[in-house]
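The structure appears below as structure tokens.
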Amino acid sequence: MASLVSSPFTLPASKADQLSSLSQKHFFLHSFLPKKINNLPNSKSSLKVKCAAIGNGLFTQTTPEVRRIVPENNNNLPTVKIVYVVLEAQYQSSLSSAVQSLNQNSNFASFEVVGYLVEELRDENTYKTFCKDLEDANIFIGSLIFVEELALKVKTAVEKERDRLDAVLVFPSMPEVMRLNKLGSFSMSQLGQSKSPFFQLFKRKKQGAGFADSMLKLVRTLPKVLKYLPSDKAQDARLYILSLQFWLGGSPDNLQNFLKMISSSYVPALKGTKVDYSDPVLFLDSGIWHPLAPCMYDDVKEYLNWYGTRRDVNEKLRGPDAPVIGLVLQRSHIVTGDESHYVAVIMELEAKGAKVIPIFAGGLDFSGPVERFLIDPVTKKPMVNSVVSLTGFALVGGPARQDHPRAVEALMKLDVPYIVALPLVFQTTEEWLNSTLGLHPIQVALQVALPELDGGMEPIVFAGRKSHALHKRVEQLCTRAIKWAELKRKSKTEKKLAITVFSFPPDKGNVGTAAYLNVFASIYSVLKDLQKDGYNVEGLPETAEALIEDVIHDKEAQFNSPNLNVAYKMSVREYQNLTPYAPALEENWGKPPGNLNSDGENLLVYGKQYGNVFIGVQPTFGYEGDPMRLLFSKSASPHHGFAAYYSFVEKIFEADAVLHFGTHGSLEFMPGKQVGMSDVCYPDSLIGNIPNVYYYAANNPSEATIAKRRSYANTISYLTPPAENAGLYKGLKQLSELISSYQSLKDSGRGQQIVSSIISTARQCNLDKDVELPEEGEQISAKERDLVVGKVYSKIMEIESRLLPCGLHVIGEPPSAMEAVATLVNIAALDRPEDGISSMPSILAETVGRNIEDVYRGSDKGILKDVELLRQITEASRGAISAFVQKTTNKNGQVVDVADKLSSILGFGINEPWIQYLSNTKFYRADREKLRVLFEFLGECLKLVVADNELGSLKQALEGKYVEPGPGGDPIRNPKVLPTGKNIHALDPQAIPTTAAMQSAKVVVDRLVERQKVDNGGKYPETVALVLWGTDNIKTYGESLAQVLWMIGVRPVADTFGRVNRVEPVSLEELGRPRIDVVVNCSGVFRDLFINQMNLLDRAVKMVAELDEPVEQNYVRKHALEQAKALGIEVREAATRVFSNASGSYSSNVNLAVENSSWNDEKQLQDMYLSRKSFAFDCDAPGAGMTEKRKVFEMALSTADATFQNLDSSEISLTDVSHYFDSDPTNLVQNLRKDGKKPSAYIADTTTANAQVRTLAETVRLDARTKLLNPKWYEGMMSSGYEGVREIEKRLTNTVGWSATSGQVDNWVYEEANSTFIQDENMLNRLMNTNPNSFRKLIQTFLEANGRGYWETSEENIEKLRQLYSEVEDKIEGIDR
């Protein structure tokens, strides 16, 4: 390591041409250089390197040879060979020194030893060496082997030799490996099955910290256990326990005695030799450790007394005013002497003026020590201002089974910010630095995703393997920990807060964009609250509207200028002094100041300051208007204006915290590693040392997780607006009235006449695209009439019951109880078998002797009586739930204490409000017990929906307290998402897909295949091109992932801990159809969160391509063989089907091009998609990250018969966000296909209990009818004022996006939108006056839709739009004054 520290990693100049342009810059000083070296010689002959994946394509290239010791001369003594496998390298130095001193001093044997890190066994050659080493080994030792595929490799290799080996010792690992243990007559082969108390310890499924703590308990309860074992067994078991004590003791002395004991007891050549060894030296199980302290302490008072007497530190550090940081350490690093990375952090913190309390534990449960050593036993107040765990593990349970509720309980008591930093485990420092992925996927799963469930933040990589500290990273970690601690110590009046809002696409009408959020009204409500609390918000205007004016108008301009208010002008020199990484941006943006956020001389920071609060506008990416840049496969760096904004916030305004307001900005999507930032990753450079608090929509856990990992955000969830049913309006309402008169009069003479009116009205409403209608005047039989009416009825009920979020949410204003009814009705519509709750529709259907699934099916087919029954069920559900909610609220519509009300309601049986309501319907005999269970659950949910903690949690974060973590997702599927105001986390990435997700996936895939057969002349689709989204897979626990697995015909296999890391093929008999080929486009966010699952998918597809099956039954194999032949490559490579962006890049940029109208023709959009989305993941070389494989991508897409996406929650539909069309390859596939045929395009809709597969065109129509053209929706938006106009414009722009990528938007959608927003004078004026900039964009979008040939309309309409456009331009430029 010494050589690495003293000189940068260099290469001779001849290699230069192979390096990326990025690496040819000289200003990247990586973290493993000490701080001193700032003046690298600028010699042309040596270049700093950023290597691509090398060697075996795996994450680590290290070999076990560095851990091999062969005795030099064995003095004719017997040789004992030991082979060990461990997770981390911390035992290496300790074990090596034990063996070396044995070889020098022992007179009974010489020792040969070789050690492997689990991850190295992925490499085939290393694995062969391992098997070979076992062939002549005497003793095998394994510890902490928790990665299933590698555990199985160890098991296979050791099993072969187990009977021959003299001793096999496995310490806490997966049960499969634990069962290999054998010492004489002692074995664990029955682990988990035997009756003896010894094994009972391992059996409890739900144990928190799993093995390690059971083992520690075991060590303490040894004597009790031994009396149950026969005497020779007792001796062997005793030696196993002593071995464990030696191992956990970890020091060279302990390990030396351990080897003496085991070899003299079990190696035949040493039988009868007398070998003396001492008992294990036991260290404290948990306590406080400091490298300079004379001993370990198990009392915090004693430790602090010692701290107060230290001579080596200044007065200030010993005094009461220094910030105090708690550290959580792993005992094994301390006892094995592998602790230089801990020492570095302690020294850095003390150098920065912070006092340190470093605690450790021997097991994997740190919650006890946290409560014991960091909380004052008397006052119950924390003794620290923030806590940093340097273990990288979950607080309770480490890599095995976690107990998150226990961890959260301990951290809530402690109530300070909780940071979890991590040392590299599976890679060397250079390997991590050179990797575009950053951290190894398994380390991300174990040491980033799991700690997040405890509320851990800031996954900063602070050390390499073998515990060497990365100085720059340690400095960053310590500074940030102290900054968080300062929030706890500073008074509110002096605290400075920088609120950051976003503007997408860049336009004055878009300042303050955020999903579902009324940004300025929310900021206003937050600031009023902070002001009341004692923060200095001087000069805050009287209203939210005035606040908007302040920020978006440049006060010095005479007229309405196109510029926002300028808060600060930064000269180029000042910018360069404050921004050390500024030279790195010049490659993409030239010399500063550039032309973005600048006036040609200075860089401009837009925003407005009120007292100690600054409201600033985050600059945008900067390349959204440049079609050439949108074609680049990798995203550009931030521009100078972007960097200047964050330099201003941190170094000039000197913010104590930044609050990013709403979902979402672009900081966390800047180029850099996926997870585990280094100091040259832009998100890390930009956020600098500022604590980052981020309001994020509760239904978007995936992007929130990116913000946590890449920009170190403490994410606080906010509610999406309360949902309502779309309802019916205009012609649709008329239709519904006609249908009810048909039902009462159909057998009279008027039936035929009414049906004719229904048919013509349905035509006027453009329903003829969705329902086959007979020609007007055609005579049809009574039975056919029922069917036509049934189908129309089914369609309008689908529109009526669609859920819409109405209006925009304001932080700190929870919905009233009645606003929550529609949400509760939908929560009640899902069966929850795991909680023993039946859904309301199924309870009501049973009452009339029907199964709800059959009713859904019948209604879908348009069977009139089923459509009518379903409507009655829906109405009765709404009625019963409204009655219940009314009973639990007071006059003002607030929920009174639900619990008391409920117990009084639930006591009387007959008076339960839902029973009273149902007694007047045909469902009066509904099952009371089932209803009672359901309504108890709904009562709980109601309390959660109306709870309000969004402001409370923000204030906790700003006061340096712990924000309780909670899952993000869809509150209807998972009410645990509520109440909002939690620190959002995703889920354990290895936990998906779940069995339930697999069940749902089968249903959707079967419906998709059926639908495609109907539309495709009875033929199966050979290939489906589909999209995997991060958020959807979190909400549904991997349903869309499971759909892919089911298409190709494989099923996931879970390990002992329920983690999914393997798949197995389903037989063709069981599948009952051919295996369907897939082209999987993973969103950049899915790639970052679920790289393990991409690995799983790639393994699955390649496995299927290699199955020996007829090609007409296995389309994956069929296409892979054809493509391998055409491209002259191996079948495995030709079977590449899992694609995404290059690491650190997101989206195909089609959305940016459409939103900014910066594209020429559809071909250009398709090129963006191909150049940005053609990066493949390869399970055979996972360390190589994403590599470009455009040819394979194009060939695979050219076989697609269908494109497919999922909608999984009512809040986000196709035109609400631009992501969906951004990922749609429908027109692209048509261009790539040899026959030029357009693929079918489908959307699966699992937003309700009745899952549907619709065509894309049907879904776009449904969306237009329920949102853009629906008065209930647009009036809801208009009530939010300025932001509402923008929301309307955004829906129209996204509709144009669908025209551009798929051509599936009907002309009438644009025509109706034009008559709703432009022909209606009153509406037009409201839009123009409320937000003229967004209104201008709306007109521009109409004109663009017409100009690009997506909308045919009359010349008058176009003329009127042109005239309006110039009027609005004048208004904006202030000419009419």
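Just so it is clear, the values below take in all heavy atoms, side chains as well, and ignore hydrogens, waters and symmetry mates.
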Going by heavy atoms in the side chains, are [X] and [Y] under 4.5 Å from each other?
X	Y	value
L1028	L1041	yes
V420	M457	no
Q618	S666	yes
E964	N949	no
V370	V387	no
Q447	I442	no
Y695	L659	yes
N1095	P441	no

So, the side chain of [X] versus the backbone of [Y]: is there a donor-acceptor pair under 3.5 Å, distance only?
X	Y	value
N699	P971	no
S717	G981	yes
N1149	L1152	no
N826	T823	no
T1031	N700	no
R710	G672	yes
N974	K976	yes
Q1205	Y1220	yes
T980	Y718	no
N1141	S1147	yes

Which atom of [X] lies closest to which atom of [Y], heavy atoms considered:
X	Y	value
K961	D415	CB-OD1, 3.4 Å
L686	M670	CD1-CG, 3.9 Å
D948	G812	OD2-O, 3.6 Å
G1030	F1090	O-CE1, 3.9 Å
A1100	V1063	CB-CG2, 3.8 Å
W484	A957	CZ3-O, 3.9 Å

About how many Å separate [atom2] of [Y] and [atom1] of [X], when rounded to the nearest 0.5 Å?
X	Y	atom1	atom2	result
I984	Y696	CD1	OH	8.5 Å
L453	L395	CG	CG	12.5 Å
C1082	I1091	SG	CD1	8.5 Å
D1098	R1137	CG	CZ	10.0 Å
T1248	L830	OG1	CG	8.5 Å
D1222	D1224	CG	CG	9.5 Å

Would you kindly say whether [X] and [Y] are connected by a side-chain donor-acceptor distance under 3.5 Å?
X	Y	result
Q674	S1143	yes
Q990	N1061	yes
S1040	N1033	yes
E950	H809	yes

* Under the salt bridge (Lys or Arg N to Asp or Glu O under 4.0 Å) rule, what do R973 and E1039 come out as? Steps first, then yes or no, please. => CA-CA 13 Å; R973 281 175 191 263; E1039 268 177 37; 3.5 Å; yes
* Asked: Parallel, tilted or perpendicular for H660 and Y646, by the 30°/60° rule?
  ->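 Rings of H660 and Y646: tilted, 30 to 60°.
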* Angle class for the F426/H440 ring planes (parallel below 30°, perpendicular above 60°, tilted otherwise)? -> tilted
* Asked: Do other residues, nucleotides or ligands put more than 12 heavy atoms under 6.0 Å from K413 NZ?
  -> yes
* Does atom OH of Y1037 have more than 12 heavy-atom neighbours from other groups under 6.0 Å away? ->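 No, not enclosed.
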* Evaluate the side-chain contact (heavy atoms from CB on, under 4.5 Å) criterion for residues Y682 and M677: first the C-alpha distance (whole Å), next the side-chain angles of each, then the deciding distance (0.1 Å), finally the verdict. => CA-CA 9 Å; Y682 290 114; M677 305 286 108; over 6 Å; no
Mind checking what makes salt bridge (charged side-chain N to carboxylate O under 4.0 Å, His left out) contact with [X], not counting sequence neighbours?
X	value
R1087	none
R122	E119, E149
R1062	E148

Salt-bridged, [X] to [Y], with N to O below 4.0 Å?
X	Y	value
D970	K1035	no
R473	D684	yes
R480	E458	yes
E668	K708	no

* Given the rule in the ring pair (Phe, Tyr, Trp, His ring centres under 6.0 Å) test, do Y418 and Y962 qualify, once you have shown the distances and angles that lead to the verdict? -> CA-CA 7 Å; Y418 172 56; Y962 172 76; 7.1 Å; no
* Audit row: K673, L437, side-chain contact (heavy atoms from CB on, under 4.5 Å) steps and yes/no -> CA-CA 5 Å; K673 298 186 186 312; L437 295 175; over 6 Å; no
* Under the side chain to side chain donor-acceptor pair (under 3.5 Å) rule, what do T1246 and D1208 come out as? Steps first, then yes or no, please. => CA-CA 5 Å; T1246 54; D1208 61 283; over 6 Å; no
* Would D1032 and T1036 satisfy side chain to side chain donor-acceptor pair (under 3.5 Å), going step by step from the backbone distance to the final call? -> CA-CA 6 Å; D1032 301 15; T1036 62; over 6 Å; no
* Going through the distances and angles, do S1218 and N1294 end up as a side chain to side chain donor-acceptor pair (under 3.5 Å)? -> CA-CA 6 Å; S1218 58; N1294 290 343; 4.9 Å; no
* **Check: F669 ring centroid to Y1146 ring centroid under 6.0 Å** =>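 F669 vs Y1146: aromatic centres under 6.0 Å.
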* Chi angles and distances behind the side-chain contact (heavy atoms from CB on, under 4.5 Å) call for V526, F661 -> CA-CA 11 Å; V526 166; F661 218 96; 4.0 Å; yes
* Show the numbers, then the answer: is there a side-chain contact (heavy atoms from CB on, under 4.5 Å) between V658 and I687? => CA-CA 9 Å; V658 60; I687 195 63; 3.9 Å; yes
